[in-house]
2 protein chains.
Amino acid sequence: MSANSRLTIAAHALTWIGLYQRRGHEVATSEQIAASVNTNPVVIRRLLAELRKAGLAESRRGAGAGWMLARDLAAITLLDVYQAIEPGPVFALHRATPNPECVVGHGIGPAMTAVYDGVEAALRAELAGTTLEDVLRDILKAA
Amino acid sequence: MSANSRLTIAAHALTWIGLYQRRGHEVATSEQIAASVNTNPVVIRRLLAELRKAGLAESRRGAGAGWMLARDLAAITLLDVYQAIEPGPVFALHRATPNPECVVGHGIGPAMTAVYDGVEAALRAELAGTTLEDVLRDILKAA
DNA sequence: CCACGTCGTAACAACTAGAGTTACGACCAT
DNA sequence: ATGGTCGTAACTCTAGTTGTTACGACGTGG
């Protein structure tokens, strides 16, 4: 399916900011976050920019700049994060429209769309059941 | 997520074969299927080869060759098809291993894996609830 | 009011996967 | 033997993800 790591990285970044703030710091820099994720700071800034658009994160510029959570970890579900960074569906229909003169070619689109809608709903329900607070609790429990 | 159309095409092909056989034909050629899907026959042969490996389809070679279902449409769920063609997970973890000296970097992997396992289970359960017979019924009902 | 640290973002390269296409050998009923 | 079809390799094209460099914009602290 060519799965990507965007949800993982986004959850990592937000959780890291949350823990960092909980330890008394105001803002976290993309460089600090990137050091934990083990990637380039620009990758973090790009992802956090999308999360900011979705109202999950905030940023400050200038000296002493950095990133903050817009809401508490407990108020952010993985579904919120997912929706902020993954606009498209999990399954795609045909790239080229199938033969409309064929019964199957004509009806397969709507039929599969109905199934895919159900799948997306199940996926979202599952993601909605976990908050970043849950993720952090898991992390600290295992440490 | 860069979703692909493999599940859609695979379901289309199998359903087409099923309907074609139900109308009295022995085998369906990749060219006929490709004409309904509106793609290249090789694309169909490649996909059906994977479905054959999973025991969902069979093929004959030589003259009068072509494809058949290995099981009835009612005995093939979309989960069967999905598993035959999509080996990987929907969500990936970090590409590079995160910083193990950071609490979050160390614990985020297992934490997200637990969530992703739940998501995959929900997705599979949803796909398991629909057979190709259901898909064909939808198609014929809408026609 | 300037300097420094950080964000914001464009631009590019590397890599991967999906999809389409061509080509050709293998196979087998007729 | 012939012709139709599968089996599969090889190639191209496209798009998305990730990493990287670069540089302007910004604003706080000195």
Side-chain angles (χ1 to χ4, degrees), chain A residues 1-10 12-13 17 20 25-35 37-53 57-68 70 82 85-98, chain B residues 1-10 12-13 17 20 25-35 37-53 57-68 70 82 85-98:
Chain A
M1 181 79 79
S2 90
N4 64 44
S5 59
R6 291 163 61 82
L7 181 55
T8 302
I9 307 296
H12 187 154
I17 298 172
Y20 194 63
H25 303 87
E26 279 249 10
V27 298
T29 70
S30 60
E31 192 162 1
Q32 293 172 317
I33 302 167
V37 174
N38 187 18
T39 185
N40 192 292
V42 174
V43 173
I44 300 298
R45 291 207 289 270
R46 274 199 297 233
L47 254 183
L48 285 177
E50 297 184 54
L51 295 171
R52 181 181 49 207
K53 276 182 211 156
E58 290 172 358
S59 66
R60 272 190 211 153
R61 309 185 63 169
W67 296 85
M68 303 161 293
Y82 175 73
I85 60 178
E86 293 287 356
V90 175
F91 295 108
L93 292 184
H94 305 70
R95 174 174 288 202
T97 61
Chain B
M1 179 81 75
S2 92
N4 64 43
S5 59
R6 289 163 62 81
L7 182 55
T8 302
I9 308 297
H12 186 153
I17 297 173
Y20 194 62
H25 302 88
E26 278 247 12
V27 298
T29 70
S30 61
E31 193 162 358
Q32 293 171 319
I33 301 167
V37 173
N38 188 18
T39 184
N40 192 290
V42 174
V43 174
I44 301 298
R45 291 207 288 270
R46 273 198 296 233
L47 254 183
L48 285 178
E50 297 184 54
L51 296 170
R52 182 182 47 208
K53 276 183 212 154
E58 291 171 358
S59 66
R60 271 190 213 154
R61 310 186 63 169
W67 296 86
M68 304 162 293
Y82 174 74
I85 61 177
E86 293 287 357
V90 175
F91 296 108
L93 293 185
H94 306 70
R95 173 175 288 202
T97 59

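Computed from heavy atoms alone, side chains included, the values below leave out hydrogens, waters and symmetry copies. Source: prediction; values computed, not measured. Below, chain A is the first sequence line, B the second, and so on; all start at residue 1.
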Under 4.0 Å: is that the gap between some side-chain N or O of [X] and OP1 or OP2 of [N]?
X     : N      : result
B:R45 : D:dC6  : yes
A:S59 : C:dT6  : no
B:T39 : C:dA19 : no
A:S5  : D:dT17 : no
A:S30 : C:dC7  : yes
A:R52 : C:dG8  : yes

Length of the [atom1]-[atom2] vector between [X] and [N], whole Å:
X     : N      : atom1 : atom2 : result
A:I44 : C:dG8  : CD1   : P     : 13 Å
B:R46 : D:dG7  : CZ    : C1'   : 12 Å
A:L48 : C:dT9  : CG    : P     : 13 Å
B:W67 : D:dC6  : CH2   : P     : 7 Å
B:E50 : D:dG7  : CD    : P     : 13 Å
A:L47 : D:dG19 : CG    : P     : 10 Å
B:N4  : C:dT16 : CG    : C1'   : 13 Å
A:K53 : C:dT9  : NZ    : P     : 8 Å

Which pair of non-hydrogen atoms, one from A:I85 and one from A:L47, has the smallest distance, and what is that distance?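 A:I85 and A:L47 have their closest heavy atoms at CG2-CD2, 3.7 Å.
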Would you kindly compare B:R95 and A:R60 by the position of their nearest DNA chain C nucleotide and give the one closer to the 5′ end?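 On the 5' side of the pair lies A:R60.
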Which residue lies toward the 5' end of DNA chain C, A:M1 or A:E31, if each is placed at its nearest nucleotide?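 In this pair, the answer is A:E31.
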Using a heavy-atom cut-off of under 4.0 Å over every strand shown, decide if [X] touches base, sugar-phosphate, or nothing.
X     : answer
B:N40 : base
B:G64 : nothing
A:R6  : sugar-phosphate

Does the [X] side chain pair with the main chain of [Y], one donor and one acceptor, at a distance under 3.5 Å?
X     : Y     : answer
A:R60 : A:V27 : no
B:S5  : A:A92 : no
B:T29 : B:Q32 : yes
B:R52 : B:S59 : no

Can you find a donor-acceptor N/O pair under 3.5 angstrom joining the side chain of A:R61 to the base of D:dG27?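 Looking at the base of D:dG27, it does not pair with any donor or acceptor on the side chain of A:R61 (distance under 3.5 Å).
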Are side-chain N/O atoms of A:S30 and A:R45 paired as donor and acceptor at under 3.5 Å?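 On atom types as modelled, these side chains qualify, holding a pair under 3.5 Å.
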For the side chain of B:V43, starting at C-beta, report the closest nucleotide among D:dA22, D:dG19, C:dT21.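 Ranking D:dA22, D:dG19, C:dT21 by closest atom to the B:V43 side chain puts C:dT21 first.
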